Amino acid sequence: MAAIGRFQKGEEIFYAKVVDGEVFRLRGDVFGSPSFERKPTKLKGLRTLTPVSPSKIIGVGLNYADHARENNRPLPKEPLIWIKATTSLIPDGAKIEVPYENHRTDYEAELAIVIGRRVRNTTPAAAARFILGFTASQDISDRTIQNGESQWTRAKSFDTFTPLGPYIETKIDPHDLTIQLFQNGQLRQNSSTNQLIFDCYKLVSFISANMTLLPGDVILTGTPSGVGPISSGDRLEVRIQGLAPLVNTVK
């Protein structure tokens, strides 16, 4: 497998491999040992969905040292995690809706881990075997609410606050990837996953010690410095090295 997407045509929802703009339907279980049709599916009438439908989304905060500094927060001694509502998910191309116009709402580009096998209490050394792949994401955040509460779930779980996709890249090393966010064509965030305080494998190990992770679950690994507010009409593009770009607009 390489780039895997989730699509809808009429009432049918299916996974497929994406190669040079062509879509090849998956046979079998995407979390098992699937095969793929040799003839591509016609693109007409095809809708791209979020690449998975997870049982839970786990956010990770302050996982880039530069982002912790810009928030005047000390570096965490262990990963800071919370749960995001799955109803906050939207696919590539969908619109982000800001619920409170008088609140500050920020973009946050993030690399997302997609779990491929049920896992509980794994080690960092063994974590890779439980990962299906990686995709681009955003953790849209209502800062007004976040700064007024001791926990962050409400501030980050509004509908449309988790853009994800468009595809899962199953053959990539996540440890040294350029991560960028462009707002209306202007570069706002520019870093590398080698700056993560807790890398992807350490995150899977830590989180799996606290809760069972199921196939399709998503871990948002944190955002680098450069976060900023969004406004109606904005075009936000997440570019992560080796992944298809994730593009969303603000309603």
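For this chain, numbers begin at 1 and follow the sequence in order. All figures in this text were calculated on a predicted structure; none of them were measured in a lab. Just so you know, these numbers use all the heavy atoms, side chains as well, and skip hydrogens, waters and symmetry mates.
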Roughly how far, to the nearest 0.5 Å, is the OG atom of Ser33 from the CZ atom of Arg27? 15.5 Å
Should we say atom CZ of Arg129 is surrounded by more than 12 heavy atoms from elsewhere, each under 6.0 Å from it? no
Is there a side-chain contact between Ile83 and Ile58 (heavy atoms, below 4.5 Å)? yes
Just so I know, are the side chains of Arg118 and Thr212 near enough to count as touching, which here means a heavy-atom distance under 4.5 Å? yes
How does the hydrophobic cluster around Val247 look, that is, which other residues are in it when side-chain heavy atoms under 4.5 Å mark a link? none
Could you walk me through whether Lys17 and Ile4 pass the side-chain contact (heavy atoms from CB on, under 4.5 Å) test, one step at a time? CA-CA 5 Å; Lys17 179 170 62 175; Ile4 303 297; 4.2 Å; yes
Is the side chain of Arg120 donor-acceptor paired with the backbone N or O of Ser208 at a distance under 3.5 Å, no angle test? yes
Check: Thr221 main-chain N/O paired with Asn63 side-chain donor or acceptor under 3.5 Å: yes
Can you name the closest pair of heavy atoms from Val204 and Ile131 and give their distance? CG2-CD1, 4.0 Å
Can you tell me if Asn248 uses its side chain to pair, donor with acceptor, with the backbone of Pro91 under 3.5 Å? yes
Count the heavy atoms belonging to other residues, nucleotides or ligands that lie under 6.0 Å from CZ of Arg143, then report whether that count exceeds 12. yes
Please round to the nearest 0.5 Å and tell me the distance separating atom NZ of Lys84 and atom CG of Leu220. 6.0 Å
Ignoring hydrogens and angles, tell me if any N or O in the side chain of Ser231 forms a donor-acceptor pair with the backbone of Pro229 under 3.5 Å. no
Whether Thr144 side chain and Arg104 backbone form a donor-acceptor pair below 3.5 Å: yes
For a quick test of reading the model, state the closest non-hydrogen atom pair linking Pro166 to Pro51 and the distance between them. O-CB, 3.9 Å
Using distance alone, with no hydrogens and no angle criterion, decide if Lys95 and Thr249 have a side-chain donor and acceptor under 3.5 Å apart. yes
Taking all non-hydrogen atoms of both residues into account, name the closest pair between Gly226 and Tyr107 and its distance. O-OH, 2.8 Å
Mind checking whether Leu132 and Ile115 sit in one hydrophobic cluster, side chains of I, L, V, M, F, W, Y counted as touching below 4.5 Å? no
Treating Gln189 as the side-chain partner and Gln180 as the backbone partner, does any N or O pair qualify as donor plus acceptor under 3.5 Å? no
Residues Thr123, Tyr201; criterion side-chain contact (heavy atoms from CB on, under 4.5 Å); working and verdict: CA-CA 8 Å; Thr123 64; Tyr201 298 160; over 6 Å; no
Kindly say whether Gly10 contributes a backbone atom to a donor-acceptor pair with the side chain of Gln8 at under 3.5 angstrom? yes
Determine whether Ser53 and Arg6 satisfy the following criterion, side-chain contact (heavy atoms from CB on, under 4.5 Å), listing intermediate values before the conclusion. CA-CA 9 Å; Ser53 181; Arg6 185 167 155 264; 3.9 Å; yes
If every non-hydrogen atom of Ser157 is compared with every non-hydrogen atom of Ala85, which pair is closest and at what distance? OG-N, 3.0 Å
Just so I know, are the side chains of Leu89 and Pro54 near enough to count as touching, which here means a heavy-atom distance under 4.5 Å? yes
How close do Thr193 and His175 get, counting heavy atoms only, and between which atoms? OG1-C, 3.3 Å
Residue pair Val60, Phe206: steps toward the side-chain contact (heavy atoms from CB on, under 4.5 Å) verdict: CA-CA 11 Å; Val60 180; Phe206 177 83; over 6 Å; no
What distance do Gln151 atom CD and Ile145 atom CD1 have between them, rounded to the nearest 0.5 Å? 10.0 Å
Check the surroundings of atom CD in Glu12: do more than 12 heavy atoms from other residues, nucleotides or ligands lie under 6.0 Å from it? yes
Taking the side chain as C-beta and beyond, is there a heavy-atom pair between Val218 and Ser137 under 4.5 Å? no
How long is the straight-line distance from CD of Gln195 back to OG of Ser225, given to the nearest 0.5 Å? 9.5 Å
Kindly check if the number of other-residue, nucleotide or ligand heavy atoms within 6.0 Å of CG (Asn102) is above 12? yes
If you define the side chain from C-beta out and look only at heavy atoms, does anything of Lys202 sit under 4.5 Å from Leu196? no
Drop me the distance from Thr170's OG1 to Phe134's CZ, to the nearest 0.5 angstrom. 10.0 Å
Connected via hydrophobic side-chain network under 4.5 Å: Phe130 and Ile172: yes
Non-hydrogen side-chain atoms of Thr50 and Thr162 separated by less than 4.5 Å: no
Side-chain (Asp159) to main-chain (Ser88) donor-acceptor, under 3.5 angstrom: no
Parallel, tilted or perpendicular: which fits the ring planes of Tyr167 and Phe7, with parallel below 30° and perpendicular above 60°? tilted
In terms of heavy-atom contacts, Ser192 and Asp176 come closest through OG-OD1, 3.0 Å
Looking only at atom types and distance, does a side-chain atom of Glu169 sit under 3.5 Å from a main-chain N or O of Ala136, one as donor and one as acceptor? no
Aromatic ring proximity, centroids under 6.0 angstrom, Tyr100 and His103: yes
Rounded to the nearest 0.5 Å, what separation is found between the CD1 atom of Ile207 and the CZ atom of Phe198? 11.0 Å
May I ask whether Ile57 and Ile168 are part of the same hydrophobic cluster, defined by side-chain heavy atoms of I, L, V, M, F, W, Y residues being less than 4.5 angstrom apart, directly or through others? yes
Does the side chain of Asp106 come within less than 4.5 Å of Gln146's, by heavy atoms? no
Val52 with Ile219, same ILVMFWY side-chain cluster at under 4.5 Å: no
Determine yes or no for a side-chain-to-main-chain donor-acceptor pair under 3.5 angstrom, with Gln241 supplying the side chain and Thr178 the backbone. yes
Are Leu80 and Trp152 packed together at the side-chain level, in the sense that at least one heavy-atom pair is separated by less than 4.5 angstrom? yes
Check for me, please, whether Val250 and Val227 land in the same ILVMFWY cluster - side-chain distances under 4.5 Å, paths through other members count. no
